Number of protein chains: 2
Amino acid sequence: MTAWRQIHDTLEREIQTGRLADGAQLPVEAELAARFGVNRHTVRRAISALATRGIVSVEQGRGTFVRQSPIHWHVDKRMRFTEMHAQANRKATRRLLRAAEVAADAAIADALELKPGSHCYYLETLEEVDGTPLSVASRFFPGRLVPNLIDVYIAAGTITAALERLGIADYQRRSTAVSARLPSAEEAALLLQPREQPVLVIETVNVDKAGRPIEYGIARSAAARLKLTFDM
Amino acid sequence: MTAWRQIHDTLEREIQTGRLADGAQLPVEAELAARFGVNRHTVRRAISALATRGIVSVEQGRGTFVRQSPIHWHVDKRMRFTEMHAQANRKATRRLLRAAEVAADAAIADALELKPGSHCYYLETLEEVDGTPLSVASRFFPGRLVPNLIDVYIAAGTITAALERLGIADYQRRSTAVSARLPSAEEAALLLQPREQPVLVIETVNVDKAGRPIEYGIARSAAARLKLTFDM
DNA sequence: ACGTATTTGTTCGTATGTATC
DNA sequence: GGATACATACGAACAAATACG
């Protein structure tokens, strides 16, 4: 077994057994190198593998820290972001990053059952739970069904409230697609997570009571902080 | 911007624009180092980041190659592994890695509605689609409901057929949990993927017609090769 | 506001090991 | 066995981000 892997396993064991607590700082690289009698590069290789697995997070100029455990999301036809977290006694907030009016590309048009090029509203938000970023979400809405959505959303504060003001009192999740990948630099920065750690990509189509698509959303969530459950 | 990141972005662009095709081999490290006028380490750093994002896959002694695009799995109450892929005109096989009789731990007992310590059958399989490994799956079955499962499975060849012989003609997916993480060394090796690339962790509980849990499965699937969709 | 110490990040050089063809 | 290509490890230096007096 290689040196870096032994160091990796040793550190993982110390974290698993609680000798290094949640959130605790690891000894600095130089110190670990001395302790294991190897070059600093070799320690870095081990730590890099731990960061890659989401066990620790590395921050330039600060140090290396032990990470914490995920929250559970029961996906449901009718779940609402704020509501769900309120039930679990967590404080959820949504921060608007970008808003725009766009023309639907093929994927958007397909999801919203529009003609490509149709007018859509676009919202990009960062969702935080208990002060920690959880997801970056991009959402598209058909312009015809939700006129002036951006201003209404800004005034209303939540998407549910905005849609209600626009006469869509009830809407439901129709389909949800899930995949995973590594984040872009921007996503990682917004989620305050290392680029080596995966994001869950959750694509959702919501429909109104009549079954018309109202919203197409693509959320990128810190995988280490989230687990989804679907009942059938 | 650092040198390795520029090289990373340049190579990604060449792959995205098709100048480096799916499955194509990248120039060897020494050649890339010469081309970009940097040390071989710097090229390795760039390639390592591409591998981490699942854009390329690196194989010792062979070379570095561009990866391909994912398959789509419509998750359904009643989907069957072989059936589903057959519909999509793909060849799916399942290879038995391990089989054992085990005592249920807390998580298994909870999922299968058994007392902790109850007798269970355990199957670990590698699922391949068109010759490429897709998932490593661990499955637990309640011993009382499926007596002698292991021999029956080996004789029958598929899980559906084995359960049918044991009198469970029809079973359904009850719940599915999804999360993502980086793979262990063993998982990565079985899936023929780099350790830096995420796996989707898919936990499933299947129940028989009477609603009794029959199977608790934990699949780890190469995230780059799979996308899940749930309809509601 | 500034400078300094600390800590991680990048890059070079070099040598040797291991897997594949 | 030999050639090729990636993997591991050591040493040195400097850059960049952060923390702190």
Side-chain angles (χ1 to χ4, degrees), chain A residues 1-11 20 23-67 182-183 185-186 188-190 192-197, chain B residues 1-11 20 23-67 183-186 188-190 192-197:
Chain A
M1 196 189 264
T2 60
W4 71 263
R5 176 151 290 288
Q6 286 181 43
I7 295 167
H8 168 275
D9 291 350
T10 302
L11 291 175
L20 286 163
Q25 179 170 9
L26 268 67
V28 302
E29 294 171 351
E31 194 177 320
L32 289 171
R35 169 178 160 197
F36 291 108
V38 297
N39 190 275
R40 194 178 136 225
H41 281 306
T42 309
V43 167
R44 278 175 65 76
R45 184 80 171 79
I47 287 177
S48 159
L50 286 170
T52 281
R53 293 187 46 212
I55 311 278
V56 302
S57 82
V58 189
E59 297 173 44
Q60 181 173 173
R62 299 220 318 127
T64 304
F65 304 86
V66 181
R67 288 189 151 276
L182 292 157
E186 193 193 357
L190 286 167
L192 299 178
Q193 71 164 53
R195 288 202 61 177
E196 304 80 34
Q197 218 196 315
Chain B
M1 194 186 267
T2 61
W4 71 263
R5 176 152 290 287
Q6 286 182 41
I7 295 168
H8 168 277
D9 292 350
T10 302
L11 290 175
L20 286 163
Q25 179 170 9
L26 268 66
V28 301
E29 294 173 349
E31 192 176 323
L32 289 172
R35 169 178 161 197
F36 291 107
V38 296
N39 189 277
R40 196 179 130 230
H41 282 305
T42 309
V43 168
R44 277 176 66 75
R45 185 78 174 79
I47 288 178
S48 159
L50 286 169
T52 282
R53 296 188 45 212
I55 312 279
V56 301
S57 81
V58 191
E59 297 173 41
Q60 183 172 175
R62 298 216 322 127
T64 303
F65 304 86
V66 182
R67 287 189 151 278
S184 69
E186 193 193 355
L190 286 167
L192 300 178
Q193 72 165 52
R195 288 202 61 179
E196 302 81 32
Q197 215 197 317

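Within every chain, numbering begins at 1; the chains are lettered A, B, ... in the order of the sequence lines, protein sequences first and strands thereafter. This structure is a prediction, so every number in the text was calculated from the model and none was measured.
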B:Glu31: side-chain hydrogen bond (donor to acceptor under 3.5 Å, both in side chains) partners, not counting sequence neighbours:
none
Mapping A:Thr42 and A:Glu59 onto DNA chain D by nearest heavy atom, which one lands closer to the 5' end?
A:Thr42
B:Gln25 side chain to B:Arg62 backbone, donor-acceptor under 3.5 Å
yes
About how many Å separate CD1 of B:Ile55 and CD1 of B:Ile47, when rounded to the nearest 0.5 Å?
13.0 Å
From OG1 (B:Thr42) to CG (B:Leu32), nearest 0.5 Å:
11.5 Å
Contact boundaries on DNA chain C for chain A, cut-off under 4.0 Å to non-hydrogen atoms:
C:dT7 to C:dT11
Please confirm whether the backbone N or O of A:Val43 pairs with a side-chain atom of A:Glu29, one donor and one acceptor, at under 3.5 Å?
no
So do the side chains of A:Arg45 and A:Val38 get within less than 4.5 Å of each other, counting heavy atoms only?
no
For a quick check of understanding: with a heavy-atom distance under 4.0 Å over all strands, which category does B:Arg45 fall into, base, sugar-phosphate or nothing?
sugar-phosphate
Indicate, with a heavy-atom threshold strictly under 4.0 Å, whether A:Ala30 touches base, sugar-phosphate, or nothing.
nothing
How many angstroms lie between atom CG of A:Leu50 and atom CH2 of A:Trp4, to the nearest 0.5 angstrom?
9.0 Å
At the 4.0 Å heavy-atom cut-off to chain B, mark where contacts on DNA chain D begin and end, going 5' to 3'.
D:dA5 to D:dA9
Pairwise 5' ranking along DNA chain D for B:His41 and B:Val28, keeping only the more 5' one
B:Val28
Distance in Å, B:His8 NE2 paired with B:Thr2 OG1, rounded so as to fall on 0.5 Å steps:
10.0 Å
